[in-house]
Amino acid sequence: MTKLWGGRFGDEPAPELLAFTESLSFDRLLANEDCAVLAAHSRALSRAGLITDAEADTVLTALEGIARDIASGAFPFDPGDEDIHTAVERALLERVPDAGPKVRAGLSRNDRVVSALRLWLVRHGRSVALSACDLIDALMERAREHPDALMPGYTHLQRAQPVSLAHHLLAHAFAFERDVRRMLDALGRTDVSPLGAGALAGSTLELDAHRSAHDLGFGFVASNSIDAVSDRDFVAEFCAALAIAGVHASRLGEEIVLWTTAEFGFAELSDAYATGSSLMPQKKNPDVAELARGKAGRLIGNLTGLLATLKGLPLAYNRDLQEDKEPLFDGVATMLTMIPALAGAVRTMRFDTDAMARAAGDDMLLATDIAEHLVTTGVPFRDAHETDTRNAPGPSASSVDAQLSHLDASLKQIRDALG
Ligand code: ARG
C-alpha cells in the first residue's frame with residue numbers, strides 16, 4: 001500500500017483507522033487542483049536545479065494524464081488511497097518511477113492540501129457569485145416589468161403602507177447584491193498561496209514561492225508559514241457568505257410560499273417550477289421556494305460546524321482541519337443547484353397585480369403618508385398621527401429607476417471583476 005507516511009511504521013494501518021480517517025470520498029473534488037499544485041512545485045524544483053527540466057516535463061505530462069483519468073472516471077483508485085493527495089502521488093510514482101519520488105522534496109501535505117483547497121475555492125466560488133448575479137437579474141427583470149403595480153408593504157406581516165411591487169422585488173435584489181460582494185471580498189482573501197510553507201516552517205530548499213504562486217494563478221503569497229497551514233478563515237468566510245445568502249434565499253422563498261397561497265393570491269408559480277401532490281389533484285406546491293427556505297438550515301449548519309471544529313485548535317496543522325472540506329463543498333453545491341431554480345421560479349411566476357392592488361387599496365394604508373403630508377403643512381406629527389384624513393394625497397413615487405441603475409452598475413462592476 002502506497003502511503004505518504006509510515007516509512008518507520010512496523011504494522012500496516014488497521015482497516016478501522018483507514019475507514020475513519022479517509023477523506024478520498026469527498027476530497028477527490030480537489031483532483032485538478034492537487035495536480036496543479038504538484039505541477040507548480042515540480043517546476044519550482046526544476047528552476048532550483050533540484051530536478052532536471054526533462055524530469056519536470058515527464059512529471060507534468062504524467063500529472064496531466066492523472067487529472068484527465070480522474071475526470072473521466074478511468075483512474076484506478078486503490079482501496080488504500082487515504083485521500084486525493086495520496087492517490088495522485090501513488091499514480092505519479094507508478095507512472096514516473098524515476099522522477100516521481102523526487103517531487104516530494106520541500107512539499108508537505110499540509111501546504112499542499114490548503115493550496116489545493118484555496119485554488120478550488122477561487123475557481124468555484126466565482127461560479128456561485130455569477131449564479132447569484134443571475135438571480136439578481138431575474139428580480140430586476142420582474143421589477144422592470146411592473147413599474148406601477150402597487151401592493152401592500154408589510155410590517156409584523158400586517159398591511160402597513162402601499163409600496164410598488166418593483167420596490168419590494170428590488171429589496172431582495174439588494175440583499176443578494178451584498179451577498180455577491182461578500183463572496184468577492186472573501187475570495188480576495190482566498191487568493192493567497194500557502195505553497196512553500198511546507199509542514200509549518202517552510203523549507204531549506206531555495207524554491208521561489210512567488211513564481212509558484214504566479215504559476216497557479218494566485219495573486220499573493222502567504223507571509224507566515226505557520227499561519228499559511230493553520231488558517232481556514234477563507235473557508236469560514238465563504239461559508240458565512242453562503243449562510244447569509246442562504247438566509248436571503250430563504251426569506252424570498254418564504255414570501256413566494258405566502259404569495260402563492262389562496263389567502264394571499266398575489267402570485268402563481270409556472271407549472272415548470274411547481275410540484276403536484278400525489279393525493280390531492282388541486283394542489284400546486286411551491287417546493288422550490290420551500291427548499292430554498294429549508295436549505296438555509298444546512299448552510300448555517302455548515303458555517304457553525306466549521307467554526308466549532310476550528311475553535312480549539314492549536315497551531316499549526318491538526319487533522320481536525322480535514323473537516324474543512326465537506327461544509328464548503330456542500331455549501332457550494334447547494335447554492336449551485338438552488339440559485340438557478342429560484343431564479344427560474346422568479347422569472348416565470350405570474351403576479352396577480354389586480355389582487356395586489358385590491359389589497360393595497362385599503363385607504364388605511366395611506367395613513368402614514370397622509371400624516372406626513374400634514375406635517376409638511378405645519379401640523380405636529382403627534383397630532384397628524386391622530387387625525388382622520390381619508391382624502392389626502394398618496395405616497396411619493398419611490399425611485400425604482402434609480403435603484404435599477406444602481407444595481408445595473410454594480411452588477412457590471414461585479415461581472416468585470418469576475419472576469
Ligand atoms: N486529507 C488530509 C486533510 O485534508 C490530508 C492532510 C494530512 N496531513 C498530515 N500531515 N497528516 O487535511
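Residues take their numbers from the sequence shown, with the count starting at 1. Counting convention: from 1, in listed order, for ligands and their atoms alike. Just so it is clear, the structure is predicted and the values come from calculations on it, not from any experiment.
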Colleague: Answer with side chain, backbone, both or neither: which part of Asn110 has a heavy atom less than 4.0 angstrom from an atom of ligand 1?
Modeller: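 Side chain only.
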Colleague: Determine whether the aromatic ring centres of residues Phe75 and Phe77 are separated by less than 6.0 angstrom.
Modeller: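 That pair passes the under 6.0 Å test.
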Colleague: Which residue, Val88, Val113, Leu63, forms the side-chain contact (heavy atoms from CB on, under 4.5 Å) with Asp34?
Modeller: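 With Asp34 as partner, side-chain contact (heavy atoms from CB on, under 4.5 Å) holds for just one option, Val88.
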Colleague: Between Lys325 and ligand 1, find which residue part has any heavy-atom pair under 4.0 Å and reply side chain, backbone, both or neither.
Modeller: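 For Lys325, the contact with ligand 1 is made by the side chain alone.
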Colleague: Measure Arg109 to ligand 1 on non-hydrogen atoms and call it side chain, backbone, both or neither using the 4.0 Å cut-off.
Modeller: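 It is the side chain that touches ligand 1; the backbone stays farther off.
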Colleague: So that I know where these two stand, are Phe234 and Phe220 an aromatic pair - ring centroids less than 6.0 Å apart?
Modeller: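 No, the ring centres sit 6.0 Å or more apart.
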Colleague: By number and element, which atoms of ligand 1 are closer than 4.0 Å to a non-hydrogen atom of Tyr317?
Modeller: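 Result: 2 (C), 3 (C), 5 (C), 6 (C), 7 (C), 8 (N), 9 (C), 12 (O).
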Colleague: Judging by distance only, is a nitrogen or oxygen of Asp83 under 3.5 angstrom from one on ligand 1?
Modeller: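 Looking only at distances, the answer is yes, because the N/O contact criterion of under 3.5 Å is met.
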Colleague: Which residues satisfy the side-chain hydrogen bond (donor to acceptor under 3.5 Å, both in side chains) test with Asn285, sequence neighbours excluded?
Modeller: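 So Asn285 forms no side-chain hydrogen bond (donor to acceptor under 3.5 Å, both in side chains) with any residue.
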Colleague: In terms of relative ring orientation, are His168 and Trp259 parallel, tilted or perpendicular, with 30° and 60° separating the classes?
Modeller: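 If you compare the ring of His168 with that of Trp259, the planes turn out tilted.
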Colleague: At a 4.0 Å threshold, what atoms of ligand 1 neighbour a non-hydrogen atom of Ser23?
Modeller: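 What qualifies from ligand 1 is 1 (N).
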